[in-house]
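Read the numbers this way: they start at 1 and go in the same order the structure lists the ligands and their atoms. All heavy atoms count here, side chains included; hydrogens, waters and symmetry mates do not.
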Amino acid sequence: MTDITNVTVLGTGVLGSQIAFQTAYSGFQVTAYDISDEALAKAKERFEGLIDAYRADGVEGASEGKGEQALERIRYSADLADAVKDADLVIEAVPEVLAIKQQTYEKLAAVAPEKTIFASNSSTLALSDLKDFTGRPAKFIGLHFANQVWKFNTGEVMATTDTDPAVFDALLAFAAEIGMVPIPIRKEKPGWLLNSLLVPFLDAAQELAFGGYAEPADIDNVWRIATGAPKGPFQILDIIGLTTPYNISVNGDEHHQQIAAWLKENYIDKGKLGIATGEGFYTYE
Ligand code: NAD
């Protein structure tokens, strides 16, 4: 058992909404924070969609109303000080943009109670580039989820050289309490374990399509058939949502910026952001 009862999630987009809902589903009191009331209204819709997804995927208790009960444990706030006033743990899932994250931690440091642990879900940014903005490096840690947390339930827990070992242990225990398989990472590794493998793989796939070598569906086909993997890289990109790979490439070298421009022109500007918008590389019902 950890001492964690109240959890605040910053950012209620693709991953933040899943983390907030899964945490509430596991019995915790959750506050969902986002930058505006409009974003929070969208979050509520996402949570309602997750109730259906949990039921459709046969998650334990989902058919007996556990999703609706989870929703009652979630409160909403667009005021940061109010959102974190009782938080034992803040999980940050704001956009994958260094300046946004650094500003978020600076503001958070000024208003969060002393007891509050800060955990970042950043996929590709280094925790070391964030820790000095937290005002509490000993209570700052990484907790990384995979998309569709109720099915793909890894909880990678990563300390920096400043993290208190007791906080590391508490987060491993918390990850298990919300139904994740805790995966300790012993040294700070940008990209964690999963993305150290996945990002170069998705990058290679985008290179092939951007370079005009083959269509996304054919690249997916060869990967699935020849390796037995259930999904190809473009199916995975549609699940992730195209904004995150765009943000990664746009901050890269000149070649990656060309790939970002290709993603923007052909997909993002046309509203094709992946499964969440009904269309990405594929079209969905
Ligand atoms: P997203 O764009 O879907 O959602 C971001 C949310 O943050 C939005 O609701 C937005 O309104 C909100 N936001 C914007 N500025 C903010 C601010 N200053 N303060 C608080 N909220 C703010 O992004 P996402 O895909 O959910 O990714 C969020 C984080 O999770 C990123 O660090 C990403 O690397 C990480 N992550 C994403 C995935 C994935 O598959 N999408 C998987 C693991 C980790």
- So for F145 against ligand 1, with non-hydrogen atoms under 4.0 Å, the contacting part is backbone

Best match, [options]: closest heavy atom to [atom]:
atom                    : options             : result
atom 22 (C) of ligand 1 : I35, L242, I91, L10 : I35
atom 19 (N) of ligand 1 : N121, L198, V94     : V94
atom 31 (C) of ligand 1 : Q18, E38, E96       : E96

Any side-chain heavy-atom pair of [X] and [Y] under 4.5 Å:
X    : Y    : answer
E177 : F28  : yes
F145 : F152 : no
Q22  : Y54  : yes
T2   : L89  : no
I91  : L143 : yes
F201 : I236 : yes

Looking at [atom], what's its closest protein heavy atom, distance included?
atom                    : value
atom 39 (C) of ligand 1 : L15 CD2, 3.4 Å
atom 15 (N) of ligand 1 : P95 CD, 3.6 Å
atom 4 (O) of ligand 1  : G13 CA, 3.2 Å
atom 23 (O) of ligand 1 : V14 N, 4.5 Å
atom 28 (C) of ligand 1 : A93 O, 3.2 Å
atom 44 (C) of ligand 1 : S123 OG, 2.9 Å

Decide whether the shortest distance between a heavy atom of [X] and an atom of ligand 1 is less than 4.0 Å.
X    : result
T243 : no
Q103 : no
S122 : yes

Which of the ligand 1 atoms, numbered from 1, are nearer than 4.0 Å to a heavy atom of [X]:
X    : result
T104 : 18 (N)
D34  : 8 (C), 9 (O), 10 (C), 11 (O), 12 (C), 13 (N), 21 (N), 22 (C)
K101 : 31 (C), 32 (O)
T244 : 25 (O)

Just checking, any donor-acceptor pair under 3.5 angstrom between side chains of [X] and [Y]?
X   : Y    : result
E96 : T124 : yes
Y33 : E92  : no
T31 : R75  : yes

- How about Y267 and F281: are their ring centroids closer than 6.0 Å? yes

- Query: Taking the six-membered ring for Trp, are W150 and Y25 ring centroids under 6.0 Å apart?
  - Reply: no

- Message: Counting only heavy atoms not in K189 (residues, nucleotides, ligands), do more than 12 fall under 6.0 Å from its NZ?
- Response: yes

- Query: With a 4.0 Å cut-off, strictly under, does atom 41 (N) of ligand 1 pick up any protein heavy atom?
  - Reply: yes

- Message: Less than 4.0 Å from atom 36 (N) of ligand 1, is there any heavy atom belonging to the protein?
- Response: yes

